[in-house]
Amino acid sequence: MTALVLLPGLMCDAGLWQGLLPQLEAAGPVTFGNLSQGESVEEMATSVLERCPPEFVLVGFSMGGFVAREIIRRVPHRVRGLVLIATSSAADSPLQADFKAAVAETLQRASGQFRGLGHRAIKLSLSQRHEDDPQLVQQILDMSLRLGRETYIRQLLMARNSDSHLLGDIRCPTLVVAAADDRMRSLAESRALCEAIPHAEFRLVEDSGHMLPLEQPQRLAAILTEWLNRCVIHR
């Protein structure tokens, strides 16, 4: 059995992974990393590590990929494998950082009830084919409502520094998964991430935007279980 630690992305919680659980739980016990606390990637990593089993496979989605790589730098001897989904090692551009800061400032000034992620942000996180799917839109909105305004502000203001220069130090089996229709992270970013990690494998999932675990849960679960069986469990 292989323990899995699943790390979500910005304004996502354990609900992100529900469609994958039947297959993933067959591989071993699952721990859901909580990224709702902490002012930095480092603080999030510390919080997650407090709940991790002695040995585990790390699965990081989007922002969770940054946290996963911080964890593996701290406890490489405990991480049996690393999966990076729809993520990057690049820092936010000045334009991205300014936009996030502006959104955070608007949220800080706002009064009244927090209504969750805006419809435009939700649509952008999905592929064009799925952007108007009412079930997917509601799942994303519900996660953001559960996490709340303060978490959103903290995550928006959290610095995402590049760790590209450190990727060559990763020694465990690594899988990088990208979505073909991702409008938030480019395919070039995913390929660069994979190429910088020694012996990493790459998979591209068609018919999905950034929210790959929600848009293609069965396909993603199949990719993960095949890789786990071949590269980690029977290694």
Item to check | Test salt bridge (charged side-chain N to carboxylate O under 4.0 Å, His left out) applied to D207 and R129, step by step | outcome: CA-CA 8 Å; D207 193 23; R129 178 177 175 182; 2.9 Å; yes
Next on the checklist: With side-chain contact (heavy atoms from CB on, under 4.5 Å) as the criterion, how do N34 and V48 come out once you've worked through the C-alpha distance, each side chain's angles and the decisive distance to 0.1 Å?
Outcome noted: CA-CA 7 Å; N34 179 2; V48 169; over 6 Å; no
Item to check | Pair T174-V83, side-chain contact (heavy atoms from CB on, under 4.5 Å): steps then yes or no | outcome: CA-CA 6 Å; T174 300; V83 181; over 6 Å; no
Checklist entry - Can you list the steps and then say if Q128 with R183 is a side-chain contact (heavy atoms from CB on, under 4.5 Å)? => result CA-CA 9 Å; Q128 288 184 312; R183 292 185 278 177; 3.5 Å; yes
Next on the checklist: If you apply the rule side-chain contact (heavy atoms from CB on, under 4.5 Å), what do you find for D92 with F99, and how did you get there?
Outcome noted: CA-CA 10 Å; D92 281 342; F99 175 75; over 6 Å; no
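Using a 4.5 Å heavy-atom cutoff, the side chains of V59 and V5 are not in contact. Contact check for R154 versus M158: no side-chain heavy atoms found under the 4.5 Å cut-off. The shortest side-chain heavy-atom distance between L136 and I122 does not fall under the 4.5 Å cut-off. A heavy-atom distance below 4.5 Å is found between the side chains of S186 and E189. Taking 4.5 Å as the limit, some side-chain heavy atom of L175 sits within range of a side-chain heavy atom of I223. By the 4.5 Å heavy-atom criterion applied to side chains, V137 and L126 are counted as neighbours. Using a 4.5 Å heavy-atom cutoff, the side chains of F61 and P213 are in contact. In this structure, the side chains of L187 and D182 stay at 4.5 Å or more apart for every pair of heavy atoms.
The pair E226-R230 meets the salt-bridge criterion, with a side-chain N (NZ, NE, NH1 or NH2) lying under 4.0 Å from an Asp/Glu carboxylate O. Using a 4.0 Å cut-off between charged side-chain N and carboxylate O, K100 and E105 make no salt bridge. Electrostatic pairing of R203 and E201 counts as a salt bridge here, judged by a charged N lying under 4.0 Å from a carboxylate O.
With rounding to the nearest 0.5 angstrom, the OG atom of S125 is 11.5 Å from the CG atom of L212. Taking CG of L16 as the start and CG of L6 as the end, the distance is 8.5 Å to the nearest 0.5 Å. To the nearest 0.5 Å, the span separating CZ on R160 from CE on M63 amounts to 6.0 Å. Atom-to-atom distance recorded for L220:CG and Q218:CD is 11.0 Å, nearest 0.5 angstrom. Atom-to-atom distance recorded for M44:CE and S36:OG is 8.0 Å, nearest 0.5 angstrom. Separation of atoms CZ (R69) and CG (L84) is listed at 5.5 Å; rounding is to 0.5 Å.
In terms of heavy-atom proximity, R80 sits nearest to I233 at NH2-CA, 4.4 Å. The shortest heavy-atom contact between G209 and A179 is O-CB, 3.1 Å. Nearest heavy atoms, A159 versus V41: O-CG2, 4.1 Å. Here the closest non-hydrogen pair linking V176 and S190 is CG1-O, 3.7 Å. Contact detail for P198 and G168: the closest heavy-atom pair is CG-O, 3.5 Å. Across every non-hydrogen atom of S89 and S164, the tightest pair is OG-OG, 2.7 Å.
L156 and L124 end up in different hydrophobic clusters when Ile, Leu, Val, Met, Phe, Trp and Tyr side chains are linked at under 4.5 Å. Cluster annotation: L193 is not connected to M184 through the hydrophobic network of ILVMFWY side chains, with a link wherever side-chain heavy atoms come within less than 4.5 Å.
Looking at E215, its side chain does come within 3.5 Å of a backbone N or O of S127 through a donor-acceptor pair. When atom types are taken as modelled, the side chain of T2 and the backbone of G28 share no donor-acceptor pair closer than 3.5 angstrom. No donor-acceptor distance shorter than 3.5 angstrom exists from the side chain of S93 to the backbone of A91, with no hydrogens or angles considered. Listed for the T151 side chain is no donor-acceptor partner under 3.5 Å among the backbone atoms of G148.
For residues 6-29, the side-chain hydrogen bond (donor to acceptor under 3.5 Å, both in side chains) pairs, not counting sequence neighbours, are D13-R146. The salt bridge (Lys or Arg N to Asp or Glu O under 4.0 Å) analysis of residues 41-56, with sequence neighbours excluded, yields no pairs.
For D169, the side-chain hydrogen bond (donor to acceptor under 3.5 Å, both in side chains) criterion is met by no residue, not counting sequence neighbours. D133 pairs by the salt bridge (Lys or Arg N to Asp or Glu O under 4.0 Å) definition with nothing, not counting sequence neighbours. Under the salt bridge (Lys or Arg N to Asp or Glu O under 4.0 Å) criterion, R74 pairs with E70, not counting sequence neighbours. Not counting sequence neighbours, F66 has no partner by the ring-ring contact (aromatic ring centres under 6.0 Å, His included) test.
Within a 6.0 Å radius of NE2 in H199, other residues, nucleotides and ligands contribute 12 heavy atoms or fewer.
Side chains of S208 and Q216: no donor on one and acceptor on the other come within 3.5 Å. Under the 3.5 Å distance criterion, with hydrogens and angles disregarded, a donor-acceptor pair is assigned to the side chains of S62 and H210.
R73 pairs with exactly one of V79, I170, L166 by the side-chain contact (heavy atoms from CB on, under 4.5 Å) rule, that one being L166.
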